[in-house]
Amino acid sequence: MQRILSDQLARHTGGAVRIAGWVHRRRLLKSVAFLIVRDAAGLAQVVVTDPAVRAAVEALPEETVVEVTGTVVGNATAPAGVELTDPTVRPLGAPAVPPPFDLYRPTLTASLPTQLDNAPVALRHPSRSAALRVSAAAVAGFRATLDARRFVEIHTPKVVASSTESGANVFALDWFGRPAYLAQSPQFYKQLMVGVFERVYEVGPVFRAEPHDTVRHLAQYTSLDAELGFVTDHRDVMAVLQDTLAGTLDVVGDRAGAALATLGVELPAVPGQIPAVHFTEALKIAGAPADEPDLAPAHERALGEWARREHGSEFLFVTGYPMAKRPFYTHPDPARPAYSNGFDLLFRGLELVTGGQRLHRYADYLAALAARGESVEPYAGYVDAFRHGMPPYGGFAIGLERLVARLTGAPNIREVTAFPRDLHRLTP
RNA sequence: GCCGACGUAGCUCAGUGGUAGAGCAUCCGACUGUCGAUCGGAGGGCCGCGGGUUCGAUCCCCGUCGUUGGCGCCA
């Protein structure tokens, strides 16, 4: 008999079926026992009246993996409207050791560190796995949207010989006796691949050895990167980003609707035109001094509230960040060279995306590095490629975990990361 | 790295200068259909670690380790 998933039970009403999953919960009454089985699709109720079967169920603690065959019966008093009766129950493994907290409660009451310490079982809780389903759907949506726009998915090295950004903190490792580093971003490689495919994207891990100990930082996170050629300036990149976000969220709605319902959240609308403010304007809105070189988290939160209030938008572009705060490959604003054609996208007051137009002329790279007092030599493999012809181009990178955290309302990015890596956590 | 908070039962927390409590979990028992089942009983603690003050410290002080929130920085 073929195994079916719990959400298919109703289609087999009156028939005999086989299900399998984890003992989610047992409710043992005098004359009847209920066995709730959890599988990938949800929960199924099994009704046990036979004394021998009941004795077997009593010996199977929560989280034990079992296989159940029985008859599907419609019953209005069953949680799902159907249940399995007259069952045989067979454990598929040894009786489970109970987790340190209850997985069958509607909310996971363990504190976040306890959950993270016990991630393999904590993630089984519907609230935790739902966030991971949203994450998976977001990645699928990112890929689908860009595939449909003739982007080509690439895979770039995660071990590199030098850091992407000068002065940034990298994880050093030994590469056959030579110094090497974990990649902080696919930045250079995706830019070079514009010369091959015009439009590329990558979904992959990036590593930041920065001592940021906050609810929005991880030492390893998943970057949704895209880069495209033949743009006029950063505004073309912003338009593609807007499209990509809309497409991504559409797929999240389609594929993770049940997960969103579990979490009790609704997807935000991506405006047809995401409001955009220049950096100098953003400082005024946030009430920051005009000579501030960057936006502080409090400023970003204020801007997020402003965007919602003034534009009814959960998203806000901030354009024209000062060149001084952007990496050397950033394209300046031709009209105001102290400001860049770089932008950030704030989502609900949190920096979600960084992007912009990049330099595409070899001579501009030489000048940019010279102006920063940096040698070309460490970047030669990257910069030299621009002698061979590159179109005007730009791109962006979305922080996946930040996106999911903001979508699901999780206050801490670690809640939506299966096995987070941060300053303090290297296991499990 | 700086500033703050916290560290008591498996989990979540209360508490007091006189060697400790609750809810849930666990174990035992009861219960004709549960819906986070319910009810009764039992077991379970170097009160993070080290030092100090005190007749006496889980409580006060210092240090240390760990956790956590904010900031710097970033996606």
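Throughout, protein chains are lettered first and strands after them, A, B, ... in sequence-line order, and every chain is numbered starting at 1.
- With sequence neighbours excluded, the residues that form a side-chain hydrogen bond (donor to acceptor under 3.5 Å, both in side chains) with A/R425 are A/D117.
- At a threshold of 4.0 angstrom between heavy atoms, the contacts of A/L218 include nucleobase atoms, whether or not backbone atoms are also involved.
- Which of B/C31, B/G69, B/A75 sits closest to the side chain of A/R208 comes down to B/A75.
- Here the shortest heavy-atom pairing between A/P61 and A/P95 reads CD-CB, 3.6 Å.
- Within residues 123-136 of chain A, no residue places a heavy atom under 4.0 Å from RNA chain B.
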Check: residues 283-302 of chain A side-chain donor-acceptor pairs under 3.5 Å, at least two apart:
{"from": "A/H299", "atom 1": "ND1", "to": "A/A296", "atom 2": "N", "distance (Å)": "3.0"}

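- Shortest non-hydrogen contact noted between A/D333 and A/N341 is CA-OD1, 3.5 Å.
- For A/E83 and B/G33, a side-chain-to-base donor-acceptor distance below 3.5 Å is present, hydrogens and geometry of angles not being considered.
- Within the structure, every pair that satisfies the salt bridge (charged side-chain N to carboxylate O under 4.0 Å, His left out) test and touches residues 9-34 of chain A, not counting sequence neighbours, is listed here: A/R18-A/E67, A/R25-A/E62, A/R26-A/E62.
- With both ends at atom P, the span from B/G41 to B/U19 equals 26 Å, rounded to whole Å.
- Nucleic acid contact for A/L29: base, since at least one base atom lies under 4.0 Å from a heavy atom of the residue.
- The distance between atom CZ of A/R26 and atom P of B/U26, rounded to the nearest whole Å, is 8 Å.
- Only the C1' atoms considered, B/A25 is 39 Å distant from B/U54, to the nearest whole Å.
- The P atoms of B/G52 and B/A14 are separated by 30 Å, rounded to the nearest whole Å.
- Atoms CZ and CZ, on A/F343 and A/F279 in that order, are 16.0 Å from each other to the nearest 0.5 Å.
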Before giving the answer on side-chain hydrogen bond (donor to acceptor under 3.5 Å, both in side chains), spell out for A/Q357 and A/D233 the whole-Å C-alpha distance, their side-chain angles and the decisive distance to 0.1 Å. CA-CA 6 Å; A/Q357 183 186 2; A/D233 59 26; over 6 Å; no
Please assess A/Y382 against A/Y365 for the test ring-ring contact (aromatic ring centres under 6.0 Å, His included), listing each intermediate value before the final yes or no. CA-CA 10 Å; A/Y382 165 67; A/Y365 273 103; 5.4 Å; yes
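- A/H212 contributes a side-chain N or O that forms a donor-acceptor pair with the base of B/C73 under 3.5 Å.
- Atom CZ in A/F34 sits about 14 Å away from atom P in B/U38, given to the nearest Å.
- Nucleic acid contact for A/Y104: sugar-phosphate only, since backbone atoms but no base atoms lie under 4.0 Å from a heavy atom of the residue.
- Rounded to a whole Å, the CG atom of A/L350 is 13 Å from the C1' atom of B/C73.
- Residue-level contact check: A/R25 touches the backbone only, with heavy atoms under 4.0 Å from sugar-phosphate atoms and none from bases.
- With sequence neighbours excluded, the residues that form a salt bridge (Lys or Arg N to Asp or Glu O under 4.0 Å) with A/K158 are A/E202.
- A/R336 is linked by a side-chain hydrogen bond (donor to acceptor under 3.5 Å, both in side chains) to nothing, counting only residues two or more places apart in sequence or in another chain.
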From CA spacing to verdict: salt bridge (Lys or Arg N to Asp or Glu O under 4.0 Å), A/R38, A/E63: CA-CA 9 Å; A/R38 185 185 70 244; A/E63 294 309 305; 2.8 Å; yes
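- Atom P of B/C49 sits at a distance of 13 Å from the matching atom of B/G10, rounded to the whole Å.
- Rounded to whole angstrom, the span from the CD atom of A/Q45 across to the C1' atom of B/G36 amounts to 14 Å.
- If you take atom P in B/G17 and the same atom in B/C60, they sit 9 Å apart, rounded to whole Å.
- Within residues 259-294 of chain A, the residues approaching RNA chain B are A/D294, by heavy-atom distance under 4.0 Å.
- Using a 4.0 Å heavy-atom criterion, one finds that A/D117 contacts no nucleic acid atom at all.
- Aromatic ring orientation, A/F151 versus A/Y201: tilted (interplanar angle from 30° to 60°).
- Residue contacts for A/E401: at a heavy-atom cut-off of 4.0 Å it reaches no nucleic acid atom on any strand shown.
- Look at the C1' atom in both B/G15 and B/G45: the space between them is 15 Å, to the nearest Å.
- Residues of residues 56-80 of chain A having a heavy atom closer than 4.0 Å to RNA chain B, listed by number: A/N75, A/T77, A/A78, A/P79.
- A/Q184 places no side-chain N or O within donor-acceptor distance of the main-chain N or O of A/R208, the cut-off being under 3.5 Å.
- Taking the P atoms as reference points, B/U58 lies 7 Å from B/C47, given to the whole Å.
- At a threshold of 4.0 angstrom between heavy atoms, the contacts of A/Q220 with the nucleic acid are absent.
- Annotation: side-chain hydrogen bond (donor to acceptor under 3.5 Å, both in side chains) contacts of A/Y321 (sequence neighbours excluded): A/D344.
- Checked by atom type and distance alone, the side chain of A/E401 pairs as donor or acceptor with a backbone atom of A/T222 at under 3.5 Å.
- Taking a pair as Watson-Crick or G-U wobble with both distances under 3.5 Å, RNA chain B forms stems of 3 or more consecutive pairs at B:1-7 with B:65-71, B:10-13 with B:21-24, B:26-30 with B:38-42, B:48-52 with B:60-64.
- When the side-chain nitrogen and oxygen atoms of A/R27 are compared with OP1 and OP2 of B/U32, none of them lie within a distance under 4.0 Å.
- Put simply, CZ on A/F343 is 13 Å from C1' on B/A75, counting in whole angstrom units.
- Minimum interatomic distance between A/F396 and A/V240 (heavy atoms only, all atoms of both residues): CE2-CG1, 4.2 Å.
- Atom C1' of B/A9 sits at a distance of 12 Å from the matching atom of B/G23, rounded to the whole Å.
- Taking the six-membered ring where tryptophan is involved, the planes of A/H331 and A/H360 are essentially parallel, since the angle between them stays under 30° and well short of 60°.
- Listed nucleotides: B/A75, B/G36, B/G72. Nearest to the side chain of A/R402: B/A75.
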What does nucleotides 6-13 of chain B look like as a protein-contact string, B for base, S for sugar-phosphate only, - for none, at under 4.0 angstrom between heavy atoms? ----SSS-
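- Rounded to an integer number of Å, the gap from CZ of A/R216 to P of B/C73 is 10 Å.
- As judged by a 4.0 angstrom heavy-atom cut-off over every strand, A/Q115 is placed among residues making no nucleic acid contact.
- Counting non-hydrogen atoms under 4.0 angstrom, A/V206 reaches nothing in the nucleic acid.
- Taking A/R421 as the reference, nothing meets the side-chain hydrogen bond (donor to acceptor under 3.5 Å, both in side chains) condition, with sequence neighbours excluded.
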What's the verdict on ring-ring contact (aromatic ring centres under 6.0 Å, His included) for A/H125 and A/F101, showing C-alpha distance, side-chain angles and the deciding distance? CA-CA 10 Å; A/H125 191 273; A/F101 35 75; 8.7 Å; no
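- A sub-4.0 Å separation between OP1 or OP2 of B/U67 and a side-chain N or O of A/H424 is present.
- Put simply, A/R301 has a side-chain N or O that comes within less than 4.0 Å of OP1 or OP2 on B/C71.
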